[in-house]
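First the proteins, then the strands, lettered A, B, ... as listed; each starts at 1. Note that this is a predicted model, so its numbers are computed, not measured. In what follows, every heavy atom counts, from backbone to side chain, and hydrogens, waters and symmetry copies are set aside.
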Amino acid sequence: AQSVTQLDSHVSVSEGTPVLLRCNYSSSYSPSLFWYVQHPNKGLQLLLKYTSAATLVKGINGFEAEFKKSETSFHLTKPSAHMSDAAEYFCVVSENSNTGKLIFGQGTTLQVKP
Amino acid sequence: GAVVSQHPSWVICKSGTSVKIECRSLDFQATTMFWYRQFPKQSLMLMATSNEGSKATYEQGVEKDKFLINHASLTLSTLTVTSAHPEDSSFYICSARAVLALSYNEQFFGPGTRLTVL
């Protein structure tokens, strides 16, 4: 069965410093992996997705993630945090193509300090 | 492209009444729609999977008679919370899986509906 673990429930960074949000997954086959962002009382916005193409995936707003099969990781990074990046971030793995279900991590709250 | 809308964005109702939430894919056809609920400061919990023209598949622990799902077309799914109670108060989010996204399971999410039951 697929699962995903976000290693930090809360991350705090200063504006202009790098962001690292960690995610490990478990999957019995080659997974599709996603990072979504959710601002307060809003729906989810897709940041980026890995679908078995390039292992380094670039997303919107300067975010990127690297798929590392040997480490079963898909960490999200950004070189320089902006105040508007403060939000909840979800790492997500797809269950399988037939059901289309997504498995959500517990989320990481990113706080950006001025 | 790939926009999903939900209506209403928020609703307040009295205990015992029923509330219907609509989820529409505006510019694409969705083979499957999903309904999630999210409690404050928690992750999304899948409630059910809805395929056009067939009965919804509910996750374990979700009462199908309480949360009625109808998927009448490739662009519309509805969730009706019947006989709502305060414990049903939550943020309900739908998503749609596009026909063209079958290969990698991308879902497009609606903005959510905040339900408050008094």
message: At a 4.5 Å cut-off on heavy atoms, which part of A/Leu46 comes close to chain B: side chain, backbone, both, or neither?
response: side chain

message: Are more than 12 heavy atoms, taken from residues, nucleotides or ligands other than A/His39, located less than 6.0 Å from that residue's NE2 atom?
response: yes

- request: Group every Ile, Leu, Val, Met, Phe, Trp and Tyr by side-chain heavy-atom contacts under 4.5 Å, then state whether B/Ile93 and B/Ile21 land in the same group.
  value: no

message: Could you measure the distance from the NZ atom of A/Lys49 to the CD atom of B/Gln107? Nearest 0.5 Å is fine.
response: 12.5 Å

- prompt: Would B/Leu79 end up clustered with B/Leu76 when hydrophobic side chains under 4.5 Å apart are linked, directly or stepwise?
  reply: no

field: chain A contact via B/Gln42 - side chain, backbone, both or neither, heavy atoms under 4.5 Å
entry: backbone

- prompt: Which members of residues 61-70 of chain A, sorted by number, sit under 4.5 angstrom from chain B on a heavy-atom basis?
  reply: none

task: Consider only side-chain heavy atoms of I, L, V, M, F, W and Y, link residues closer than 4.5 Å, and tell whether A/Leu21 and A/Val13 are in one cluster.
output: yes

- request: Look at B/Ser43, B/Cys94, B/Pro40, B/Ser9 and state which one has the largest set of heavy-atom pairs under 4.5 Å with chain A.
  value: B/Ser43

field: Residue pairs passing the salt bridge (Lys or Arg N to Asp or Glu O under 4.0 Å) test where at least one lies in residues 69-91 of chain B, sequence neighbours excluded
entry: B/Lys66-B/Asp88

message: Would you say A/Tyr25 ends up clustered with A/Tyr89 if hydrophobic residues are merged whenever their side chains have heavy atoms under 4.5 Å apart, either directly or through other cluster members?
response: yes

- prompt: Is it the case that one hydrophobic cluster holds both B/Ile69 and B/Phe34, taking links as side-chain heavy atoms less than 4.5 Å apart, direct or via other members?
  reply: no

field: Close approach to chain A in residues 109-118 of chain B, criterion heavy atom under 4.5 Å
entry: B/Phe109, B/Gly110, B/Pro111, B/Arg114

task: Could you have a look at B/Glu59, B/Gln6, B/Lys41 and say which one has the most heavy-atom pairs with chain A under 4.5 angstrom?
output: B/Glu59

query: Quick one: what part of A/Gln38 sits under 4.5 Å from any heavy atom of chain B, side chain, backbone, both or neither?
result: side chain

side-chain contact (heavy atoms from CB on, under 4.5 Å) between B/Leu44 and A/Leu44, worked out: CA-CA 10 Å; B/Leu44 277 70; A/Leu44 276 71; 3.9 Å; yes

Atom pairs and distances, donor-acceptor, side-chain atoms in residues 104-113 of chain A, under 3.5 Å, two or more places apart:
unit_1   : atom_1 : unit_2  : atom_2 : d
A/Thr108 : OG1    : A/Gln6  : NE2    : 3.1
A/Thr108 : OG1    : A/Asp8  : O      : 2.5
A/Thr109 : OG1    : A/Glu88 : OE1    : 2.5
A/Gln111 : OE1    : A/Ser12 : OG     : 3.2

